[in-house]
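Taking it in order: structure first as C-alpha coordinates, then the write-up.
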Protein chains: 2
Amino acid sequence: MPINKTEVDRRLILFKATLKESGSKLTHQRLEIFRAIASSLEHPDAEAIFRTVQRRLPTVSLDTVYRTLWKLRDLGSIATLGPRHESVRFDANLEHHHHFVCVRCGLARDFMSAQLSALRVPAAVRRLGSAVAVRADVYGVCDRCARREAAGQKRKQFPSYKRRKTSQEKRI
Amino acid sequence: MPINKTEVDRRLILFKATLKESGSKLTHQRLEIFRAIASSLEHPDAEAIFRTVQRRLPTVSLDTVYRTLWKLRDLGSIATLGPRHESVRFDANLEHHHHFVCVRCGLARDFMSAQLSALRVPAAVRRLGSAVAVRADVYGVCDRCARREAAGQKRKQFPSYKRRKTSQEKRI
DNA sequence: CTGACTGCAAACCCTTTGCAGACCG
DNA sequence: CGGTCTGCAAAGGGTTTGCAGTCAG
(Lines give C-alpha, C1' and ligand atoms only; values in the text may rest on other atoms or scores of the structure.)
Protein backbone atom coordinates (compact mmCIF):
# COMPACT_ATOMS: atom_id res chain seq x y z
CA MET A 1 0.00 0.00 0.00
CA PRO A 2 2.58 2.60 1.04
CA ILE A 3 4.66 4.05 -1.74
CA ASN A 4 8.39 3.59 -2.12
CA LYS A 5 10.11 4.17 1.23
CA THR A 6 12.86 6.35 -0.25
CA GLU A 7 10.25 8.71 -1.59
CA VAL A 8 8.55 8.95 1.77
CA ASP A 9 11.85 9.78 3.43
CA ARG A 10 12.59 12.42 0.85
CA ARG A 11 9.23 14.04 1.54
CA LEU A 12 9.74 13.86 5.28
CA ILE A 13 13.09 15.64 5.08
CA LEU A 14 11.60 18.33 2.93
CA PHE A 15 8.71 18.66 5.33
CA LYS A 16 10.95 19.07 8.37
CA ALA A 17 12.89 21.77 6.59
CA THR A 18 9.70 23.58 5.68
CA LEU A 19 8.47 23.46 9.26
CA LYS A 20 11.71 24.81 10.65
CA GLU A 21 11.87 27.49 8.01
CA SER A 22 8.43 28.73 8.94
CA GLY A 23 9.29 28.79 12.62
CA SER A 24 6.73 26.11 13.45
CA LYS A 25 7.42 23.41 15.94
CA LEU A 26 8.11 19.84 14.97
CA THR A 27 5.85 17.76 17.18
CA HIS A 28 5.29 14.02 17.15
CA GLN A 29 1.75 14.58 15.99
CA ARG A 30 2.76 16.69 13.02
CA LEU A 31 5.41 14.21 12.00
CA GLU A 32 3.04 11.27 12.12
CA ILE A 33 0.25 13.11 10.42
CA PHE A 34 2.52 14.09 7.58
CA ARG A 35 3.92 10.58 7.36
CA ALA A 36 0.42 9.17 7.11
CA ILE A 37 -0.36 11.32 4.09
CA ALA A 38 3.02 11.02 2.44
CA SER A 39 3.03 7.25 2.61
CA SER A 40 -0.47 6.75 1.29
CA LEU A 41 -1.27 6.15 -2.35
CA GLU A 42 -4.89 6.97 -1.86
CA HIS A 43 -5.83 10.43 -0.76
CA PRO A 44 -7.04 9.97 2.78
CA ASP A 45 -9.53 12.17 4.55
CA ALA A 46 -9.07 13.52 8.07
CA GLU A 47 -10.79 10.55 9.64
CA ALA A 48 -8.55 8.03 7.84
CA ILE A 49 -5.42 9.97 8.72
CA PHE A 50 -6.60 10.10 12.30
CA ARG A 51 -6.99 6.32 12.45
CA THR A 52 -3.55 5.77 10.95
CA VAL A 53 -1.85 8.17 13.32
CA GLN A 54 -3.67 6.68 16.28
CA ARG A 55 -1.82 3.43 15.83
CA ARG A 56 1.47 5.16 16.71
CA LEU A 57 0.14 7.97 18.90
CA PRO A 58 -2.87 6.59 20.73
CA THR A 59 -3.73 9.91 22.36
CA VAL A 60 -3.98 12.18 19.30
CA SER A 61 -7.26 13.87 18.88
CA LEU A 62 -9.17 14.38 15.69
CA ASP A 63 -9.09 18.12 16.03
CA THR A 64 -5.32 18.14 16.18
CA VAL A 65 -5.39 16.25 12.91
CA TYR A 66 -7.60 18.90 11.39
CA ARG A 67 -5.56 21.79 12.70
CA THR A 68 -2.36 20.19 11.50
CA LEU A 69 -3.76 19.45 8.07
CA TRP A 70 -4.71 23.05 7.43
CA LYS A 71 -1.38 24.22 8.72
CA LEU A 72 0.48 21.85 6.42
CA ARG A 73 -1.66 23.08 3.61
CA ASP A 74 -0.84 26.69 4.44
CA LEU A 75 2.84 25.78 4.50
CA GLY A 76 2.47 24.19 1.09
CA SER A 77 3.54 20.77 2.32
CA ILE A 78 0.33 19.08 1.26
CA ALA A 79 -2.56 19.86 -1.03
CA THR A 80 -6.28 19.36 -0.66
CA LEU A 81 -8.47 17.60 -3.18
CA GLY A 82 -11.80 19.04 -4.04
CA PRO A 83 -13.70 21.82 -2.37
CA ARG A 84 -13.59 22.04 1.35
CA HIS A 85 -16.75 22.47 3.32
CA GLU A 86 -18.61 23.80 0.38
CA SER A 87 -22.26 22.97 0.02
CA VAL A 88 -23.44 21.02 -3.01
CA ARG A 89 -24.48 22.99 -6.05
CA PHE A 90 -27.14 22.11 -8.57
CA ASP A 91 -27.31 22.45 -12.31
CA ALA A 92 -30.25 22.12 -14.70
CA ASN A 93 -28.04 22.34 -17.78
CA LEU A 94 -27.78 18.74 -18.87
CA GLU A 95 -25.91 19.35 -22.08
CA HIS A 96 -22.21 18.68 -22.17
CA HIS A 97 -20.42 21.73 -20.86
CA HIS A 98 -17.56 22.86 -18.67
CA HIS A 99 -17.30 25.09 -15.65
CA PHE A 100 -15.32 28.13 -14.86
CA VAL A 101 -14.95 28.16 -11.09
CA CYS A 102 -13.85 31.22 -9.16
CA VAL A 103 -11.27 30.27 -6.56
CA ARG A 104 -12.21 33.30 -4.49
CA CYS A 105 -15.97 33.15 -4.19
CA GLY A 106 -16.83 29.70 -5.54
CA LEU A 107 -18.97 31.06 -8.36
CA ALA A 108 -19.36 28.53 -11.18
CA ARG A 109 -20.35 29.51 -14.71
CA ASP A 110 -20.81 27.35 -17.77
CA PHE A 111 -18.87 27.52 -20.98
CA MET A 112 -18.39 25.37 -24.03
CA SER A 113 -15.09 24.21 -25.41
CA ALA A 114 -14.55 21.91 -28.35
CA GLN A 115 -10.99 21.31 -27.21
CA LEU A 116 -12.01 20.16 -23.75
CA SER A 117 -14.97 18.17 -25.03
CA ALA A 118 -12.71 16.27 -27.37
CA LEU A 119 -10.48 14.94 -24.61
CA ARG A 120 -9.88 11.22 -24.67
CA VAL A 121 -9.15 9.10 -21.62
CA PRO A 122 -5.37 8.61 -21.39
CA ALA A 123 -4.00 5.12 -21.61
CA ALA A 124 -2.25 5.49 -18.25
CA VAL A 125 -5.65 5.21 -16.60
CA ARG A 126 -6.38 1.72 -17.86
CA ARG A 127 -4.69 -0.05 -14.99
CA LEU A 128 -6.66 1.96 -12.40
CA GLY A 129 -10.13 1.00 -13.52
CA SER A 130 -12.58 1.43 -16.34
CA ALA A 131 -12.80 5.08 -17.14
CA VAL A 132 -16.09 6.67 -17.96
CA ALA A 133 -15.36 10.30 -18.63
CA VAL A 134 -12.82 13.07 -18.47
CA ARG A 135 -13.97 16.16 -16.68
CA ALA A 136 -12.11 19.35 -17.35
CA ASP A 137 -12.84 22.60 -15.57
CA VAL A 138 -11.08 25.91 -15.48
CA TYR A 139 -10.17 27.70 -12.26
CA GLY A 140 -9.51 31.36 -11.93
CA VAL A 141 -10.74 34.62 -10.49
CA CYS A 142 -14.09 35.91 -11.66
CA ASP A 143 -14.52 39.50 -12.77
CA ARG A 144 -16.44 40.53 -9.71
CA CYS A 145 -13.75 39.28 -7.33
CA ALA A 146 -11.03 40.78 -9.50
CA ARG A 147 -12.74 44.15 -9.32
CA ARG A 148 -13.10 43.93 -5.58
CA GLU A 149 -9.47 43.15 -5.20
CA ALA A 150 -8.47 45.93 -7.52
CA ALA A 151 -10.53 48.26 -5.35
CA GLY A 152 -8.32 47.24 -2.50
CA GLN A 153 -11.20 45.92 -0.48
CA LYS A 154 -10.46 42.94 1.66
CA ARG A 155 -13.22 40.41 1.36
CA LYS A 156 -13.54 37.02 2.84
CA GLN A 157 -12.17 34.56 0.34
CA PHE A 158 -13.84 31.36 -0.58
CA PRO A 159 -11.62 28.79 1.10
CA SER A 160 -11.24 31.02 4.11
CA TYR A 161 -9.39 28.62 6.29
CA LYS A 162 -9.45 30.21 9.66
CA ARG A 163 -6.17 30.23 11.37
CA ARG A 164 -5.88 29.83 15.08
CA LYS A 165 -5.03 33.10 16.77
CA THR A 166 -1.53 33.35 18.18
CA SER A 167 -1.25 34.52 21.72
CA GLN A 168 0.09 37.76 20.33
CA GLU A 169 -3.14 38.37 18.45
CA LYS A 170 -5.20 37.35 21.42
CA ARG A 171 -3.59 39.95 23.57
CA ILE A 172 -4.82 42.79 21.43
CA MET B 1 -29.80 37.03 -14.25
CA PRO B 2 -32.30 34.42 -15.47
CA ILE B 3 -31.50 32.79 -18.73
CA ASN B 4 -33.63 33.05 -21.82
CA LYS B 5 -37.29 32.50 -20.89
CA THR B 6 -37.97 30.17 -23.80
CA GLU B 7 -35.22 27.87 -22.61
CA VAL B 8 -36.63 27.84 -19.09
CA ASP B 9 -40.04 26.91 -20.45
CA ARG B 10 -38.55 24.15 -22.55
CA ARG B 11 -36.86 22.71 -19.48
CA LEU B 12 -40.04 23.00 -17.42
CA ILE B 13 -42.06 21.06 -19.96
CA LEU B 14 -39.43 18.38 -20.13
CA PHE B 15 -39.37 18.26 -16.35
CA LYS B 16 -43.11 17.83 -16.01
CA ALA B 17 -43.01 15.00 -18.52
CA THR B 18 -40.23 13.30 -16.60
CA LEU B 19 -42.14 13.60 -13.34
CA LYS B 20 -45.30 12.14 -14.80
CA GLU B 21 -43.38 9.39 -16.50
CA SER B 22 -41.81 8.34 -13.23
CA GLY B 23 -45.16 8.36 -11.47
CA SER B 24 -44.13 11.18 -9.14
CA LYS B 25 -46.49 13.92 -8.18
CA LEU B 26 -46.22 17.42 -9.52
CA THR B 27 -46.41 19.67 -6.49
CA HIS B 28 -46.04 23.42 -6.29
CA GLN B 29 -42.85 22.96 -4.35
CA ARG B 30 -41.27 20.74 -6.97
CA LEU B 31 -42.23 23.06 -9.74
CA GLU B 32 -40.80 26.11 -8.04
CA ILE B 33 -37.66 24.34 -6.96
CA PHE B 34 -37.00 23.17 -10.47
CA ARG B 35 -37.77 26.59 -11.87
CA ALA B 36 -35.29 28.15 -9.47
CA ILE B 37 -32.48 25.94 -10.75
CA ALA B 38 -33.48 26.05 -14.39
CA SER B 39 -33.62 29.81 -14.49
CA SER B 40 -30.33 30.44 -12.77
CA LEU B 41 -27.08 30.96 -14.57
CA GLU B 42 -25.05 30.35 -11.50
CA HIS B 43 -25.23 26.97 -9.88
CA PRO B 44 -27.10 27.59 -6.68
CA ASP B 45 -26.79 25.56 -3.51
CA ALA B 46 -29.74 24.30 -1.47
CA GLU B 47 -29.80 27.40 0.69
CA ALA B 48 -29.94 29.74 -2.32
CA ILE B 49 -32.66 27.68 -3.98
CA PHE B 50 -34.58 27.73 -0.73
CA ARG B 51 -34.45 31.52 -0.55
CA THR B 52 -35.59 31.85 -4.15
CA VAL B 53 -38.48 29.45 -3.74
CA GLN B 54 -39.53 31.11 -0.52
CA ARG B 55 -40.42 34.25 -2.39
CA ARG B 56 -43.22 32.41 -4.19
CA LEU B 57 -43.99 29.73 -1.60
CA PRO B 58 -43.42 31.29 1.80
CA THR B 59 -44.07 28.08 3.68
CA VAL B 60 -41.57 25.74 1.99
CA SER B 61 -39.09 24.19 4.28
CA LEU B 62 -35.42 23.68 3.65
CA ASP B 63 -35.71 19.94 4.01
CA THR B 64 -38.30 19.75 1.27
CA VAL B 65 -35.82 21.56 -0.92
CA TYR B 66 -33.17 18.96 -0.12
CA ARG B 67 -35.49 16.02 -0.64
CA THR B 68 -36.71 17.43 -3.90
CA LEU B 69 -33.21 18.15 -5.13
CA TRP B 70 -32.07 14.57 -4.65
CA LYS B 71 -35.22 13.29 -6.22
CA LEU B 72 -34.74 15.48 -9.27
CA ARG B 73 -31.19 14.27 -9.44
CA ASP B 74 -32.35 10.66 -9.30
CA LEU B 75 -34.80 11.40 -12.07
CA GLY B 76 -32.01 12.88 -14.13
CA SER B 77 -33.67 16.29 -14.32
CA ILE B 78 -30.78 18.10 -12.70
CA ALA B 79 -27.15 17.37 -11.99
CA THR B 80 -24.95 18.06 -9.00
CA LEU B 81 -21.63 19.84 -9.19
CA GLY B 82 -18.74 18.34 -7.36
CA PRO B 83 -18.80 15.68 -4.72
CA ARG B 84 -21.64 15.75 -2.31
CA HIS B 85 -21.06 15.63 1.37
CA GLU B 86 -17.70 14.07 0.94
CA SER B 87 -15.01 14.96 3.40
CA VAL B 88 -11.90 16.75 2.19
CA ARG B 89 -9.01 14.60 1.05
CA PHE B 90 -5.34 15.33 1.39
CA ASP B 91 -2.44 14.78 -0.95
CA ALA B 92 1.31 14.95 -0.34
CA ASN B 93 2.15 14.60 -4.01
CA LEU B 94 2.93 18.16 -5.01
CA GLU B 95 4.07 17.43 -8.54
CA HIS B 96 1.67 18.11 -11.37
CA HIS B 97 -0.61 15.13 -11.78
CA HIS B 98 -4.17 14.09 -12.45
CA HIS B 99 -6.66 11.97 -10.56
CA PHE B 100 -8.65 8.96 -11.43
CA VAL B 101 -11.74 9.09 -9.23
CA CYS B 102 -14.00 6.11 -8.68
CA VAL B 103 -17.62 7.16 -8.93
CA ARG B 104 -18.64 4.23 -6.76
CA CYS B 105 -16.38 4.41 -3.72
CA GLY B 106 -14.70 7.79 -4.10
CA LEU B 107 -11.21 6.32 -4.34
CA ALA B 108 -8.76 8.74 -5.97
CA ARG B 109 -5.47 7.62 -7.51
CA ASP B 110 -2.80 9.63 -9.27
CA PHE B 111 -1.69 9.33 -12.85
CA MET B 112 0.36 11.35 -15.29
CA SER B 113 -0.76 12.46 -18.71
CA ALA B 114 1.12 14.68 -21.09
CA GLN B 115 -2.06 15.28 -23.05
CA LEU B 116 -3.97 16.56 -20.03
CA SER B 117 -1.03 18.54 -18.71
CA ALA B 118 -0.75 20.35 -22.01
CA LEU B 119 -4.28 21.73 -21.91
CA ARG B 120 -4.58 25.43 -22.57
CA VAL B 121 -7.32 27.64 -21.20
CA PRO B 122 -10.00 28.06 -23.90
CA ALA B 123 -10.71 31.51 -25.23
CA ALA B 124 -14.38 31.19 -24.29
CA VAL B 125 -13.37 31.63 -20.68
CA ARG B 126 -11.92 35.09 -21.10
CA ARG B 127 -15.18 36.90 -20.55
CA LEU B 128 -15.87 35.05 -17.30
CA GLY B 129 -12.72 36.05 -15.49
CA SER B 130 -8.99 35.60 -15.48
CA ALA B 131 -8.28 31.92 -15.69
CA VAL B 132 -5.49 30.40 -13.70
CA ALA B 133 -5.50 26.72 -14.50
CA VAL B 134 -7.30 23.89 -16.17
CA ARG B 135 -7.93 20.85 -14.04
CA ALA B 136 -8.71 17.62 -15.78
CA ASP B 137 -9.61 14.44 -13.96
CA VAL B 138 -10.93 11.12 -15.08
CA TYR B 139 -13.99 9.48 -13.59
CA GLY B 140 -14.78 5.80 -13.76
CA VAL B 141 -15.15 2.63 -11.76
CA CYS B 142 -12.11 1.30 -9.96
CA ASP B 143 -11.08 -2.34 -10.27
CA ARG B 144 -12.17 -3.20 -6.77
CA CYS B 145 -15.68 -1.87 -7.26
CA ALA B 146 -15.89 -3.48 -10.69
CA ARG B 147 -14.99 -6.83 -9.16
CA ARG B 148 -17.56 -6.43 -6.43
CA GLU B 149 -20.23 -5.63 -8.91
CA ALA B 150 -19.23 -8.52 -11.12
CA ALA B 151 -19.57 -10.76 -8.09
CA GLY B 152 -23.15 -9.60 -7.90
CA GLN B 153 -22.79 -8.22 -4.42
CA LYS B 154 -24.79 -5.13 -3.71
CA ARG B 155 -22.68 -2.60 -1.92
CA LYS B 156 -23.45 0.88 -0.86
CA GLN B 157 -22.33 3.20 -3.57
CA PHE B 158 -20.36 6.32 -3.00
CA PRO B 159 -23.01 8.94 -3.56
CA SER B 160 -25.49 6.83 -1.66
CA TYR B 161 -28.30 9.27 -1.62
CA LYS B 162 -30.73 7.82 0.79
CA ARG B 163 -34.19 7.67 -0.55
CA ARG B 164 -37.15 8.23 1.65
CA LYS B 165 -38.98 4.99 2.33
CA THR B 166 -42.34 4.63 0.65
CA SER B 167 -45.19 3.58 2.83
CA GLN B 168 -45.01 0.22 1.09
CA GLU B 169 -41.49 -0.32 2.31
CA LYS B 170 -42.37 0.94 5.75
CA ARG B 171 -45.07 -1.63 6.10
CA ILE B 172 -42.65 -4.50 5.83
C1' DC C 1 -59.73 8.18 -1.03
C1' DT C 2 -54.94 6.78 -0.35
C1' DG C 3 -50.32 6.75 -0.66
C1' DA C 4 -46.86 10.18 -1.89
C1' DC C 5 -45.38 14.56 -0.25
C1' DT C 6 -44.66 18.21 3.06
C1' DG C 7 -43.35 20.85 7.39
C1' DC C 8 -41.52 20.50 11.77
C1' DA C 9 -38.09 19.54 14.96
C1' DA C 10 -34.65 16.90 16.43
C1' DA C 11 -30.66 14.16 14.99
C1' DC C 12 -26.45 13.54 12.38
C1' DC C 13 -21.87 14.10 10.40
C1' DC C 14 -17.89 16.58 9.58
C1' DT C 15 -15.39 20.35 11.06
C1' DT C 16 -14.23 24.26 14.10
C1' DT C 17 -13.34 26.72 18.36
C1' DG C 18 -12.36 28.35 23.46
C1' DC C 19 -9.87 26.96 27.07
C1' DA C 20 -6.24 25.27 30.13
C1' DG C 21 -2.56 22.39 30.47
C1' DA C 22 1.71 20.14 27.91
C1' DC C 23 5.76 20.60 25.41
C1' DC C 24 9.29 22.26 21.83
C1' DG C 25 13.17 25.08 21.18
C1' DC D 1 10.91 29.65 30.33
C1' DG D 2 7.52 31.65 26.69
C1' DG D 3 4.70 30.94 23.44
C1' DT D 4 3.17 27.33 20.41
C1' DC D 5 0.61 23.03 20.37
C1' DT D 6 -2.38 19.73 22.09
C1' DG D 7 -6.59 17.40 24.09
C1' DC D 8 -11.02 18.06 25.62
C1' DA D 9 -15.60 19.14 25.19
C1' DA D 10 -18.93 21.76 23.33
C1' DA D 11 -20.53 24.52 19.36
C1' DG D 12 -21.36 25.13 14.40
C1' DG D 13 -22.96 24.60 9.56
C1' DG D 14 -24.88 21.78 6.17
C1' DT D 15 -27.73 17.87 5.50
C1' DT D 16 -30.85 14.02 6.91
C1' DT D 17 -34.66 11.66 9.14
C1' DG D 18 -39.09 10.15 11.92
C1' DC D 19 -43.49 11.62 12.46
C1' DA D 20 -48.07 13.15 11.64
C1' DG D 21 -50.78 15.90 8.89
C1' DT D 22 -51.77 17.42 3.79
C1' DC D 23 -52.53 17.09 -0.91
C1' DA D 24 -52.24 15.41 -5.87
C1' DG D 25 -54.24 12.13 -8.83
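Computed from heavy atoms alone, side chains included, the values below leave out hydrogens, waters and symmetry copies. Chain letters run A, B, ... following the sequence lines, proteins first and then strands; every chain starts at 1.
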Carefully, step by step, assess B:Leu69 and B:Ile33 under the rule side chain to side chain contact (heavy atoms under 4.5 Å, CB included). CA-CA 8 Å; B:Leu69 290 172; B:Ile33 289 169; 4.0 Å; yes

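- Contact between the side-chain N/O atoms of A:Thr27 and the OP1/OP2 oxygens of D:dT6 is found at a separation under 4.0 Å.
- The aromatic rings of A:Phe15 and A:Phe34 lie parallel to each other, with less than 30° between the two planes, well short of the 60° mark.
- The separation between A:Lys20 atom NZ and D:dT4 atom P is 18 Å, rounded to whole Å.
- In this structure, the CZ atom of A:Arg51 is 13 Å from the C1' atom of C:dC14, given to the nearest Å.
- Distances shown here put a side-chain N or O of B:His28 below 4.0 Å from the OP1 or OP2 atom of D:dA24.
- Aromatic ring pairs are classed by plane angle as parallel below 30°, tilted from 30° to 60° and perpendicular above 60°; the pair B:His43 and A:His97 is parallel.
- A:Arg35 contributes atom CZ, which lies 4.5 Å from atom CZ of A:Arg56 (distance to the nearest 0.5 angstrom).
- Of the listed nucleotides (D:dG25, C:dT6, D:dT6), C:dT6 has the atom at the smallest distance from the side chain of B:Arg67.
- Straight-line distance from the CD atom of A:Glu47 to the P atom of C:dC12: 16 Å, rounded to whole Å.
- Within the 4.0 angstrom heavy-atom criterion, no nucleotide atom of any strand lies near A:Asp45.
- A salt bridge links A:Asp137 with A:Arg135; the closest basic N to acidic carboxylate O contact falls under 4.0 Å.
- Atom CG in B:Leu69 sits roughly 13 Å away from atom C1' in D:dG14 (whole-Å rounding).
- For B:Gln29 and C:dG7, the CD to P distance is 4 Å, given to the nearest whole Å.
- Note: CZ (B:Phe34) to P (C:dC5) measures 17 Å, nearest angstrom.
- Neither OP1 nor OP2 of D:dT4 sits under 4.0 Å from any side-chain N or O of A:Ser24.
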Step by step, work out the side chain to side chain contact (heavy atoms under 4.5 Å, CB included) result for A:Lys71 and A:Ser77. CA-CA 9 Å; A:Lys71 175 165 257 292; A:Ser77 294; over 6 Å; no

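- For C:dC5, the OP1/OP2 oxygens have a side-chain nitrogen or oxygen of B:Arg30 closer than 4.0 Å.
- Residue B:Thr64 has a polar side-chain atom (N or O) positioned under 4.0 Å from OP1 or OP2 of C:dG7.
- Contact check for A:Leu26 versus A:Lys20: no side-chain heavy atoms found under the 4.5 Å cut-off.
- Looking at heavy-atom distances under 4.0 Å, B:Leu26 makes contact with sugar-phosphate atoms alone, never a base.
- Rounded to whole Å, the distance from CG on A:Asp63 to P on C:dT17 is 11 Å.
- The stretch residues 52-61 of chain B comes close to DNA chain C through B:Thr59, B:Val60, B:Ser61, each having a heavy atom under 4.0 Å from the strand.
- The distance from atom CG of A:Leu31 to atom P of C:dG25 is 11 Å, rounded to the nearest whole Å.
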